[in-house]
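Input: a single structure, listed below in structure tokens.
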Amino acid sequence: MSKLVTDVICPFCGTLCDDLEVEVSDDGKQILEVRNACAIGATKFLHSQASDRIIRPRMKQDDGTWKDISYAEAAKYTAKILCEAKKPLMYGWSSTSCEAQATGHMIAEQVGGIVDNTATVCHGPSLIAVHDVGIPSCTLGEVKNRADRIVFWGCNPAHAHPRHMSRYSIFPRGYFTGKGSKSRKIIVVDPRPTDTASLADYHIQIEQGRDYELLDALRVAFKNGPLPDVVAGVPKDKIYEVARLLKSGRFVTIFFGMGVTHSLGKNHNIDEAIAVTRDLNEYTKASIIPMRGHYNVTGSGQVLGWQFGFPFCVDLSRGFARYNPGETSSNDLLLRNEVDACFVLGSDPGSHFPNKSVQEIYKLPSVCIDPHITPTAAVSKCHVPVAFVGVEVGGSCYRMDNVPIESRKVVDPPAGMLTDDEFLKLVLAEVMTIKGAA
Ligand code: SF4
């Protein structure tokens with residue numbers, strides 16, 4: 001016997017697909033089949049059932065082996081290293097619920113920590129650009145129903161957000177886009193011939209790192225201004241052609257990824273991409289959306305914004321919130337040896353940070369809260385496995401277009417396993433005891 005759980009949210013990428021169906025055993029313990037998800041999303045659900053999963057917190061011993069400890073002991077250790085540190089780094093937050101993020105931020109306030117999320121190594125420049133010039137954006141639902149010109153700039157959703165194209169941007173039949181992909185013209189700007197580029201009507205093979213120049217050239221082309229023969233490796237005739245194509249659309253949406261946020265120019269590239277969108281609104285309707293990676297990195301920015309006024313790189317070490325990316329960002333702090341404890345939840349800097357930062361994490365008192373065995377868990381002193389948000393516990397998440405969606409519990413976590421919010425509440429209680437505020 002089995003039962004079907006419908007309208008399940010996929011807790012993997014920022015597309016946050018909300019139409020999954022998961023067949024579970026009658027006792028609610030076993031996932032039998034995942035329908036509608038892409039291969040990455042389905043694997044996340046099925047992998048949560050792995051037989052070699054770590055189900056108890058563990059502490060690294062002097063000889064490098066691990067010893068199982070209780071959640072209470074792990075909470076005590078976590079509270080101790082955070083309270084003893086002058087400037088603890090509390091990094092990650094992008095693969096957990098908004099509720100757990102809010103609890104974690106209460107701990108950070110008590111211990112005077114730095115709260116930073118994965119935007120620091122992905123869409124941080126986009127957030128900085130939004131502070132500078134604002135953002136004309138829309139929801140993915142509007143894209144599906146209205147957009148007839150789609151630009152993918154410096155991103156490859158065929159691999160990173162596999163169902164984005166079928167649910168929202170290329171193939172779906174919407175209210176004003178009834179012929180699906182035939183209703184839309186697709187433009188991909190990427191130095192490489194990617195799988196997304198193979199689906200495009202126009203692949204603009206830009207020179208690596210020349211995004212600012214091409215964006216600027218498009219703004220000139222919108223006004224039929226003069227251009228050099230070639231800009232960023234693209235012949236001017238092609239630039240004028242793409243400019244005409246965009247102006248002739250009824251609704252343009254530009255999706256952009258780390259190919260723009262982390263190439264030469266960084267946040268200034270995004271300033272310029274937003275300026276292109278703003279200019280297009282003189283001729284038609286246009287919007288721009290960052291392709292956010294982790295399923296709730298957008299939520300982390302939202303919750304930090306409500307609580308402290310800034311979306312990442314929040315420094316609470318002086319008793320009030322400061323924000324200065326470049327100074328208060330995780331890698332800068334780690335590379336300057338400025339933090340004296342490291343707490344990671346819902347992210348894997350061991351895989352994504354520069355080697356020198358990871359070496360610094362290895363030297364520090366550290367805790368990694370993650371259901372998986374990750375490179376970060378391997379270099380941390382304490383590893384606390386928790387239930388998978390969106391699989392074994394529900395919680396609020398924000399899609400890449402800032403739409404909040406409630407994720408669902410599908411199966412029970414292993415017996416005795418805490419959720420990250422429950423574990424953080426234990427840590428908060430310990431912190432309050434140490435601070436004498438309980
Ligand atoms: S596109 Fe993203 S959210 Fe949708 S099923 Fe795949 S991994 Fe999950």
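Order of listing sets the numbers, starting from 1, for every ligand and every atom in it.
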Exercise. Are H161 and T15 close enough that a side-chain donor and a side-chain acceptor fall under 3.5 Å?
Worked result: no
Exercise. Which protein N, O or S atoms does atom 2 (Fe) of ligand 1 have within a distance shorter than 2.8 Å?
Worked result: C13 SG
Exercise. If you draw the axis of the six-membered ring of Y362, does the NZ or CZ of K381 fall within 45° of it and under 6.0 Å from the ring centre?
Worked result: yes
Exercise. Is the F353 to Y91 ring centre distance short of 6.0 Å?
Worked result: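 Centroid distance F353-Y91: below 6.0 Å, so yes.
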For this session: Compute the ring centroids of Y295 and F12, then answer whether they are less than 6.0 Å apart.
Result: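 Centroid separation for Y295 and F12: 6.0 Å or greater.
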For this session: Name all residues meeting the side chain to side chain contact (heavy atoms under 4.5 Å, CB included) criterion together with K285; count only those two or more places apart in sequence or in a different chain, and write none if there are none.
Result: F251, N281
Exercise. Does the salt bridge (Lys or Arg N to Asp or Glu O under 4.0 Å) test come out yes or no for E360 and K363, once each step is laid out?
Worked result: CA-CA 5 Å; E360 186 61 19; K363 287 184 212 152; 3.7 Å; yes
